Amino acid sequence: ISFYTNYFTLPIGDDVDGSAYGIELSTGTSTSLGVVVATVTAAGGNVTGEDDSSVTTEADAYGVYARSSNLTTGPASLTVTAQGGMVNGSAKSAEASAYGMEVKSNNTLTIGGDLDVTVKAIGGTEAGTGKLQSADSNASGIWNENSILNETGALTGTVTAKSGTASLS
């Protein structure tokens, strides 16, 4: 499974955020899957033109996002990447957040085998004469909030967060 979301250049005044989910489970759902191999990528777009310090070009990517639900899988491999956008003008933020698995609010997730999670978040950048207030990044392999995660095999992972460039205060 491969998921990719990318928003390109839009006129000033519009946010150019990108979000991507490999598996998104809503409240009250119960899902059983076999082997899961997912590559999930989200990228913020490009901000160009006149200065507008309220515009954002952010990216959020989730391999698995679950809230108040149940998920059972076989072995799983998740590769998740979020890349903040590029600013050639002025923008509030070009932040990136990536999560291998985010499980919240009374979930039960059972992985029947090995779990391999590779997560990378890269904050956005300024280009040319661009000015940016925030280019933060956040990466989490597994974020478990008030839930049960049963994993019966080996757990391996690589998690990387790299902030971008911002020069506005």
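Small disclaimer: the values here were computed from a predicted structure and weren't measured.
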Assess, by modelled atom type and distance only, whether the side chains of [X] and [Y] contain a donor and an acceptor separated by less than 3.5 Å.
X	Y	value
Glu126	Ser167	yes
Ser69	Asn107	yes
Asn146	Ser105	no
Asn106	Ser68	no

Establish whether [X] and [Y] are linked, either directly or via other cluster members, by ILVMFWY side-chain heavy-atom contacts under 4.5 Å.
X	Y	answer
Ile111	Ile148	no
Leu149	Val36	yes
Val16	Met86	no
Leu25	Leu115	yes

Can you name the closest pair of heavy atoms from [X] and [Y] and give their distance?
X	Y	result
Ala82	Ala59	CB-O, 3.9 Å
Ala42	Ala20	CB-N, 3.9 Å
Val117	Gly100	CG1-CA, 3.7 Å
Asp116	Thr156	OD1-OG1, 2.9 Å
Ile122	Ala96	O-CB, 3.1 Å
Gly63	Val40	CA-CG2, 4.2 Å

Nearest 0.5 Å, please: how far is [atom2] in [Y] from [atom1] in [X]?
X	Y	atom1	atom2	answer
Asp136	Glu58	CG	CD	9.5 Å
Glu95	Asn138	CD	CG	9.5 Å
Asp114	Glu151	CG	CD	6.5 Å
Thr72	Asn150	OG1	CG	8.5 Å
Met101	Tyr65	CE	OH	13.5 Å

Does the pair Val80 and Thr118 meet the rule for a side chain to side chain contact (heavy atoms under 4.5 Å, CB included), with working shown?
-> CA-CA 6 Å; Val80 182; Thr118 302; over 6 Å; no
Candidate pair Arg67 and Glu145, rule salt bridge (Lys or Arg N to Asp or Glu O under 4.0 Å), full reasoning | CA-CA 9 Å; Arg67 56 194 176 279; Glu145 181 182 305; over 6 Å; no
If you look only at pairs with a residue in residues 86-122, which of them pass as a ring pair (Phe, Tyr, Trp, His ring centres under 6.0 Å), with sequence neighbours excluded?
-> Tyr62-Tyr99, Tyr99-Trp143
Should [X] and [Y] count as side-chain neighbours, where that means a heavy-atom distance under 4.5 Å?
X	Y	result
Val35	Val37	yes
Thr57	Asn46	no
Ile142	Leu155	yes
Leu71	Leu33	yes

Return yes if some donor-acceptor pair links the side-chain N/O of Thr29 with the main-chain N/O of Ser26 below 3.5 Å, else return no.
-> yes
Do the side chain of Thr56 and the main chain of Lys92 share a donor and acceptor less than 3.5 angstrom apart?
-> no
Option passing side-chain contact (heavy atoms from CB on, under 4.5 Å) with Ile23 (candidates Val64, Leu78, Thr31) | Val64
